[in-house]
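Structure first, then comments.
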Amino acid sequence: LEMMEKGCIPNVVTFNTLINGHSRLGSIDKAFELLNSMWNQGLMPNVVTYNALINGLCKGGKVKETGKLLREMIKKGLAPDNVTYNTLIDGYCKEGDMHEALSLHSEMVQKGLVPDVVTYTTLIDRLCKNGRVQRANEFLNKMKERGLNPDNFTYTTLIDGYCKQGDMPVAIKFQREMMDKGLAPSVVTYNSIIHGFCLEGNIRAAQDTFDDMLDKGLVPDMVTYSTLIYGYCKGGHIQEAFSLLDELAGKGLVADVITYSALIQGLCKERRVKDACKLFHKMLEMGLNPDQFTYTTLINGHCGEGNIKEAFQLHNEMVQNGLSPDVVTYSVLIHGLRKQARTKEANRLLFRMIYDDLIPDKVNYDTLIENCIDDNMESNVALIKGLCMKGEMIKAEKVFEIMREKNWTPNDIVYNILIHGHCKNGNVHKAYKMHNEMEQLGLVPN
RNA sequence: GUUUGAUGGGACCU
């Protein structure tokens, strides 16, 4: 607005910059408003405009809505380019739809576009994150064969994959390889390697890597410090972790929620829940907002001490603060109750969660039930019975299904309950199917 | 001059 008042007319690049800004911050609506005002001012959006918008949709988890935009840009005579495809491929990858990503990859080839380093790195990243490191390696070789040079990102992506897989020797091998090619491992590369060593409990190697990166003149960032702090905490070296907290402050870095959560977890693991609470309050005083992880960590700490009351108080507090407890939070609470032999309450909580749809949509139902159903067949049967009585047959079936996946052999009691439930809900067909199923298992209907 | 890819914290399981 200021530039317009002063007589500067915004051009396409100005708009693109703004659109991109809004896209990245998640205000997609604002971004689209800007697209409209471009038209109103007689400015033609270009490929960059559309790419920025598509990226905004992808990052906002709305990959499905990109189709419209894509068609619109083609209709306006704009051809999708490498950036368009790379953006979409990344979007589908992150959504977990590797199939669509790969078919976009071949589509771009068909259209005469040449997949570039970014395309390959995106795919390699997804393969790694899906645990298919070997396949990712094959993609690396494929891109080399095609005359593409893997860059810093490519190597770091692969190194991170091997680190998470627990294969440090190969990770280091690739670090060598990238250095041999004249690529200097970046802070991110080092962070991945440090993390890898921390994961396997090799804090010495992690520290050595940290020292090595300092020698190379690299400046550690918050991720580096949080990672190391996590590593020390994991090994029970709380004191070292806290001296790192001082050290990073001395370097002008500001510890964030993740740093504190790692420390809180470290304290809880050492059964120093009181100290963990103190630290929790200290982070509040510093103006840091705890998130789901922080709360769940502390809740778990209290459960470990058998302090269920405090655990639920924190649960309420997190809800009041607008944070929705997720699968892990519930799983922690339920296991906490079970450990206290408060099985009935645990089952009641699980029932309430399933019945009241307390589980946020995005959270995986199956995972929750899978993690929380009892080792004891009878409480699960009780759960199914409860759900049947409320007419929640789909949910009841889900629990039944998961029990069977866990190789529990159903007995005649469960079948009677389910058959009764289906009949009461008017689904005689389903009831009859269950009857046949139980006969097949050699159970005798009574 | 504007658009795409890599790194850190929570339960259970391994």
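Quick caveat, the model's predicted, so the values are computed rather than measured. The chains referred to below are lettered A, B, ... by the order of the sequence lines, with proteins before strands, and numbering in each begins at 1.
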Is the side chain of [X] donor-acceptor paired with the backbone N or O of [Y] at a distance under 3.5 Å, no angle test?
X        : Y        : result
A/His281 : A/Cys277 : yes
A/Ser23  : A/Asn20  : no
A/Thr297 : A/Gln265 : no
A/Ser37  : A/Asn40  : no

Provide, to the nearest angstrom, the distance between the [atom1] atom belonging to [X] and the [atom2] atom belonging to [N].
X        : N     : atom1 : atom2 : answer
A/Tyr225 : B/G9  : OH    : P     : 18 Å
A/Met222 : B/G9  : CE    : C1'   : 11 Å
A/His315 : B/G10 : NE2   : C1'   : 15 Å

Q. In a check of side-chain hydrogen bond (donor to acceptor under 3.5 Å, both in side chains) between A/Asn82 and each of A/Asp116, A/Asn51, A/Thr87, which one passes?
A. A/Asp116
Q) If you draw a 6.0 Å radius around NZ in A/Lys282, do more than 12 non-hydrogen atoms from other residues or ligands fall strictly inside? A) no
Q) If you count the non-hydrogen atoms of other residues, nucleotides and ligands that lie under 6.0 Å from NZ in A/Lys181, is the total more than 12? A) yes
Q: For A/Ser23, report the nucleic acid contact type (base, sugar-phosphate, nothing); a contact means any heavy atom under 4.0 Å.
A: nothing
Q) Would you say the ring centroid of A/Tyr295 lies under 6.0 angstrom from that of A/Phe280? A) yes
Q: Indicate for each nucleotide in nucleotides 1-7 of chain B, in 5' to 3' sequence, whether protein heavy atoms under 4.0 Å reach the base (B), only the sugar-phosphate (S), or nothing (-).
A: BBBBBBB
Q. Hey, is the side chain of A/Thr329 pairing donor to acceptor with the base of B/G10 inside 3.5 Å?
A. yes
**Q.** Distance-only donor-acceptor check, side chains A/Thr157 and A/Asp160, under 3.5 Å
**A.** no
Q) Which residues in residues 238-250 of chain A have at least one heavy atom lying under 4.0 Å from any atom of RNA chain B? A) none
Q. So, is A/Gln265 close to the B/A11 phosphate, meaning a side-chain N or O under 4.0 Å from OP1 or OP2?
A. yes
Q) Checking salt bridge (charged side-chain N to carboxylate O under 4.0 Å, His left out) for the pair A/Asp125/A/Lys129: CA distance, chi angles, key distance, verdict? A) CA-CA 6 Å; A/Asp125 183 47; A/Lys129 294 205 161 60; 2.4 Å; yes
Q | RNA chain B stem ranges, 3 or more consecutive Watson-Crick or G-U pairs under 3.5 angstrom | A | none
Q | A/Leu263 to A/Ala241 - nearest heavy-atom pair and separation | A | CD2-CB, 3.8 Å
